[in-house]
Trainee: 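Just passing along the structure, written as structure tokens.
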Amino acid sequence: MDGGSDTIHATGLDAHTSVGPLASRIRGLRENASMTQGELASRVFVSRQTVINWEKGRTLPDAESLKRLSSVLGITLDALLDERSEERLRQIEGERKIFKLAILFECLWSLEKLIGVIVVTIAHKFLDPSAAYQIADVERIIGLAISLAALIPWFKVGGIKIDHDLQSVVEIAAYLEGYPPGAELPQTFAWRWLLPHWTLVTVTFVAFALVLTYIPLIALRLS
């Protein structure tokens, strides 16, 4: 059954108010998601012609189709119907990139520390002290550079927390993914275990990796 068949025809006042902005938002969000009209139609369970009619402002999606559209296009229903949703979408997309960049830098820093310990320890074992200390200095500079670079996105993430009254990594991620406050989040590993304990996870990872690394390296040094 075509879920968009029960639509409201855009006539009179509606054609000049809610239909125009909504039609352009549906098209803009679809294009931003790199979806064709046919792909969107398939995911919302309507015909391609129905999507064409929506984007041309000929008809309005019914309530069920609006819910599916908001879900498929990755935006809340209120934002989809809000005239400012396009500007909001661009803002959220920018904030999402900042958040991902901050997470990436933290992962890079943890990885650099792990590799740095291995490299420096091996250098002190097999190279003369002068060369080993030079390698250690390079490792410290790389670590410092990553830390300084990470300050920018994490500072902006702090601004996102303040602007939207968010308290934790989970709340930031939920906001950026379009979940309203108090909404039930997906019961996946990332949402249940990884994000709620992000700091503990990263610290535990580094500590565990260092222990596993130091055991053979200490044995190598003592040999």
Side-chain angles (χ1 to χ4, degrees), residues 28-29 32-34 70-80 82 84-123 133-214 217:
L29 290 166
N32 285 342
S34 300
S70 65
S71 176
V72 170
L73 296 173
I75 191 171
T76 64
L77 184 57
D78 288 342
L80 179 62
D82 184 358
R84 297 171 297 175
S85 64
E86 291 182 34
E87 178 183 349
R88 227 173 126 189
L89 181 66
R90 287 193 293 269
Q91 177 187 350
I92 291 176
E93 184 60 28
E95 292 174 339
R96 185 181 288 118
K97 290 179 180 178
I98 290 171
F99 182 67
K100 289 181 178 179
L101 191 61
I103 295 294
L104 175 62
F105 270 117
E106 187 161 338
C107 292
L108 283 176
W109 182 85
S110 299
L111 185 61
E112 190 280 329
K113 290 290 106 181
L114 175 60
I115 295 175
V117 167
I118 297 173
V119 171
V120 171
T121 304
I122 292 176
Y133 283 119
Q134 288 180 354
I135 291 176
D137 289 340
V138 171
E139 187 278 327
R140 281 193 291 270
I141 291 173
I142 294 174
L144 179 60
I146 294 176
S147 299
L148 292 176
L151 287 177
I152 299 175
W154 275 114
F155 178 79
K156 292 183 178 181
V157 168
I160 295 173
K161 290 176 64 176
I162 294 173
D163 291 343
H164 304 287
D165 194 24
L166 305 171
Q167 303 299 323
S168 66
V169 172
V170 174
E171 290 184 7
I172 296 173
Y175 161 74
L176 294 176
E177 291 303 317
Y179 292 101
E184 183 177 353
L185 300 176
Q187 298 299 299
T188 61
F189 173 78
W191 287 100
R192 291 189 63 185
W193 303 105
L194 186 60
L195 291 174
H197 310 289
W198 177 253
T199 301
L200 178 62
V201 168
T202 54
V203 171
T204 302
F205 167 76
V206 173
F208 182 70
L210 288 178
V211 169
L212 291 181
T213 302
Y214 265 120
L217 290 179

Trainee: Going by the rule ring-ring contact (aromatic ring centres under 6.0 Å, His included), which residues pair with F155 if we only count those two or more places apart in sequence or in a different chain?
Mentor: none

Trainee: Show your reasoning for whether side chain to side chain contact (heavy atoms under 4.5 Å, CB included) applies to L148 and L151.
Mentor: CA-CA 5 Å; L148 292 176; L151 287 177; 4.0 Å; yes

Trainee: Specify the closest pair of heavy atoms between V120 and A136, including all atoms of both residues, with the distance to one decimal.
Mentor: CG2-CA, 3.8 Å

Trainee: Atom CG in L144, atom CD in E139: separation rounded to 0.5 Å?
Mentor: 10.5 Å

Trainee: In this structure, are over 12 heavy atoms from other groups packed under 6.0 Å from L104 atom CG?
Mentor: yes

Trainee: Distance from S110 atom OG to L108 atom CG, nearest 0.5 Å?
Mentor: 9.0 Å

Trainee: Does the side chain of W154 come within less than 4.5 Å of I103's, by heavy atoms?
Mentor: yes

Trainee: To check you understand the geometry: which heavy-atom pair defines the closest contact between P153 and I98, and what is its length?
Mentor: O-CG2, 3.5 Å

Trainee: Nearest heavy-atom pair of F99 and V169: which atoms, and what distance?
Mentor: CZ-CG1, 3.8 Å

Trainee: What pair of heavy atoms forms the shortest contact from A173 to L195, and how long is it?
Mentor: CB-CD1, 3.8 Å

Trainee: Check ring-ring contact (aromatic ring centres under 6.0 Å, His included) between H197 and all other residues, then give those that pass, not counting sequence neighbours.
Mentor: none

Trainee: Taking salt bridge (Lys or Arg N to Asp or Glu O under 4.0 Å) as the cut-off, I'd like each qualifying pair that reaches into residues 156-174, sequence neighbours left out, listed once.
Mentor: none

Trainee: Where do A150 and F105 come nearest, in terms of heavy atoms and distance?
Mentor: CB-CB, 3.6 Å

Trainee: Which heavy atom in V157 sits nearest to a heavy atom in I172, and how many Å separate them?
Mentor: CG1-CD1, 3.7 Å

Trainee: Calculate, to the nearest 0.5 Å, the distance between atoms CD1 and CZ belonging to I160 and R96 respectively.
Mentor: 10.5 Å

